[in-house]
Amino acid sequence: MSKPSVLITGGNRGVGREIFDYFAPNSLSLSRSNGFDIKEMQEEILLRSLEFDIFINYAHNGEFSGQVELLYALFNYWKNKGKNGYIFNVGSYSSFNISKEFKRFSVLKYSLDVANRQCCKEIENNSYGFRMTNLRLGKLIQNEGETGVSSKDIISTIEFLWKTSPDVSYPEIVLTSCN
Amino acid sequence: MNGSAEIKMYNLFERIRYLKNKKEIFIDLNFDSLSNFLRSYEEVRKENKDFLLIVSSPKLKDLQIGYPCTKKNVLFTIDFAIKSMVSAWENGESKVKIIHLEKG
């Protein structure tokens, strides 16, 4: 089975880049570094998304108007276009519980959790051609020797879910270190 | 409220210098004020002084998560944010005390 084609936002560095590289040459990264701000260039991103099997909503700009609003727009766009495919939202384990300190990052990821649940609920109650999963990631491996979630873990999860029956919904998957 | 100032979200940032001299702040949240709310909390917290932040927001109780809707999302997120702010105060991580009023 050949790899699906993938559009990822924010795939120009770090884990996003590793995901982009894995799915190359059938992948495209749209990020600020190549002129695609997720807030300013939403229409263009939506248009390009129709060319790909999978959309990975990865880029996080620290504002409600970033990942969450892009998800709402993408959901409605794919719904109206009758698009088949899979949307992966990259969320965070940090929004699971109320932590001892206030983190804007966790609040905005919580907002993404809510948006994902809303969209999945509508998908489950209708016959849309696409599915959606929120990948809630624990600490990512940033340097060699660290423990945590790697790009390989994320990629294998995406590939696994992509191959599952389209009749089954996986609204949320949590990936976190065992250590 | 004696010694407090009511913030109109649209002119929040124009008044931030004035507000930093106060001890109590009242914020009346609505559906389009999440970003401003987070930013105003962060601004006040940076001062590292004792503050009382009284936040009023639409009632969340019994609200279902529902279909894709920004307004409902903002309500749920505000609730999470406020719980997180309360936790930060309880754990001594922040000097901003929160009182949350839900409008019925």
Between A/Gln118 and B/Asn73, what is the shortest heavy-atom contact and its length?
-> NE2-N, 4.0 Å
Answer yes if A/Met41 and A/Phe52 sit in the same cluster of Ile, Leu, Val, Met, Phe, Trp and Tyr residues linked by side chain heavy atoms under 4.5 Å apart, and no otherwise.
-> yes
A/Glu101 side, atom CD; B/Asn91 side, atom CG - distance, nearest 0.5 Å | 9.5 Å
Proximity breakdown for A/Asn97 and chain B, heavy-atom pairs closer than 4.5 Å = backbone
So if you build clusters from Ile, Leu, Val, Met, Phe, Trp, Tyr with side-chain heavy-atom gaps below 4.5 Å, do A/Phe96 and A/Leu140 land together?
-> no
Least distance between heavy atoms, B/Pro68 atom then A/Glu122 atom = CD-OE1, 3.1 Å
Got a donor-acceptor contact below 3.5 angstrom from the B/Ser84 side chain to the A/Ile98 backbone?
-> no
Locate the shortest heavy-atom distance separating A/Arg104 from B/Arg39; write the atom from each residue and the value.
-> NH2-N, 3.6 Å
Looking only at heavy atoms, which two atoms of B/Leu38 and A/Leu108 are closest? And how far apart?
-> CD1-CD2, 4.2 Å
Region of B/Glu90 that comes under 4.5 Å of a non-hydrogen atom in chain A = neither
Under 6.0 Å from the NZ atom of A/Lys139, do we count more than 12 heavy atoms belonging to anything else shown?
-> yes
Taking the side chain as every heavy atom from C-beta outward, state whether B/Trp89 and A/Phe102 have any pair of such atoms under 4.5 Å apart.
-> no
To the nearest 0.5 Å, how far apart are CD in B/Glu93 and OG in A/Ser99?
-> 8.0 Å
Structural part of A/Glu63 lying under 4.5 Å from a heavy atom of chain B | side chain
Has the side chain of B/Tyr67 got a donor or acceptor atom that lies under 3.5 Å from a matching backbone atom of A/Cys119?
-> no
With the 4.5 Å side-chain cut-off for hydrophobic clustering, are A/Trp162 and A/Tyr170 part of the same group?
-> yes
For the residue pair B/Phe76 and A/Val114, what are the closest heavy atoms and their distance?
-> CB-CG2, 4.0 Å
Region of A/Leu71 in contact with chain B, defined by heavy-atom distances below 4.5 Å = neither
Look at the side-chain heavy atoms of Ile, Leu, Val, Met, Phe, Trp and Tyr, link any pair under 4.5 Å apart, and say whether A/Phe105 and A/Val68 land in one connected group.
-> no
NZ/B/Lys97: more than 12 non-hydrogen atoms of other groups inside 6.0 Å = no
Under 4.5 Å between side-chain heavy atoms, hopping through other hydrophobics if needed: is there a path connecting A/Met132 to A/Val174?
-> no
Is the number of heavy atoms from other residues, nucleotides or ligands under 6.0 Å of A/Glu51 CD greater than 12?
-> yes
